[in-house]
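See structure below.
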Amino acid sequence: DVDDDDVDDDDAEGGLEMMMMMRTEQCSSSFSSGKRKGGAAGKYRLSDFLSTKRKEKEEIERSPPKGFFVLDAEAGEELKQGFDALRVSLATVKDIFAIQKTDGNWSFKAGELDGVLGLSSRKILACLHAAGIKSLGHKAYEEICNLFATILTLLALRHHLASQFPIADDFKGVGGGITPEWQDHTKLAMQFVCKCIATHGDVYRRLGLGHSWKSSVEDLLVKSMS
């Protein structure tokens, strides 16, 4: 018989299906010849195991991670209010890009964004610390904090100045032309975001922050405003 504890979850979609086919052939032969007892039962046990594992995997993929802020209608209004409260206008764009780093990112350090955007870096960082971000190591901690700050700034620009900053949700493109004056700065920021996302994958999910980098940032903004 197959011992459930010895079967790796990662094999459920591959190797175990081959094992099931082999077991089915063995059990069918043994059952028909009467040389082996319980062969049919063994076949169905393995089939049930595979079915259960597939259902568990589907359930995990459908379920939001622990701590994820489910965006219902009320939360959607809170999110809108959070972005509305940020100080972004054509008059402040120059100040926003003035504190952008040479590699394209913005940072929560020294409260630079607090004065320009009117947010609370301290509260956002407190949420990240509570999620265990420091356990990833100093380099990853610095990069991911800068990633969150950069995504937040880009989303704030898009929220208040959509026609000037038509940035796509995946930060890989734009829905129209970015104002030429800020085009190079914006593309540099988007390149930084994409590079960090490629490096750190779904860390946001492992930390229980959201179902995407964008939703994680939105959740942090809402929490920082409360």
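- Applying the salt bridge (Lys or Arg N to Asp or Glu O under 4.0 Å) rule to pairs touching residues 177-192 yields nothing, sequence neighbours excluded.
- Between the side chain of Gln100 and the backbone N or O of His185 there is at least one donor-acceptor pair closer than 3.5 Å.
- Two residues are said to be in side-chain contact when any heavy atoms from C-beta on lie closer than 4.5 Å; Asn105 and Leu147 fail this criterion.
- Under the 4.5 Å side-chain criterion, counting only non-hydrogen atoms from C-beta, His159 is not in contact with Val88.
- Looking at Met225 and Leu86, their side chains come closer than 4.5 Å, going by heavy atoms from C-beta outward.
- Looking only at side-chain heavy atoms (C-beta outward), Val217 and Phe148 come within less than 4.5 Å of each other.
- Listed by chain and number, the residues in a salt bridge (charged side-chain N to carboxylate O under 4.0 Å, His left out) with Glu142 are Lys109 (sequence neighbours excluded).
- For Lys134, there are no salt bridge (charged side-chain N to carboxylate O under 4.0 Å, His left out) partners two or more places apart in sequence or in a different chain.
- Judged purely by atom type and a 3.5 angstrom limit, Arg87 uses its side chain to pair as donor or acceptor with the backbone of Gly115.
- Ring-plane geometry between Tyr204 and Trp213 is classed as perpendicular, the angle between the planes exceeding 60 degrees on a 0 to 90 degree scale with a lower cut at 30.
- The side-chain heavy atoms of Val93 and Gln164, taken from C-beta on, include no pair separated by under 4.5 Å.
- Shown here are the salt bridge (charged side-chain N to carboxylate O under 4.0 Å, His left out) partners of Lys94, two or more places apart in sequence or in another chain: there are none.
- Taking the salt bridge (charged side-chain N to carboxylate O under 4.0 Å, His left out) definition, one finds that Asp169 meets it with Arg158, sequence neighbours left out.
- Minimum interatomic distance between Trp106 and Ile96 (heavy atoms only, all atoms of both residues): NE1-O, 2.8 Å.
- In this structure, Leu209 CG and Cys127 SG are separated by 8.5 Å, a value rounded to the nearest 0.5 Å.
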If you look only at distance, which donor and acceptor atoms sit under 3.5 Å apart when one is on a side chain in residues 195-203 and the other is two or more places apart or in another chain?
from	atom 1	to	atom 2	distance (Å)
Thr199	OG1	Lys195	O	3.0
His200	NE2	Glu143	OE1	2.7

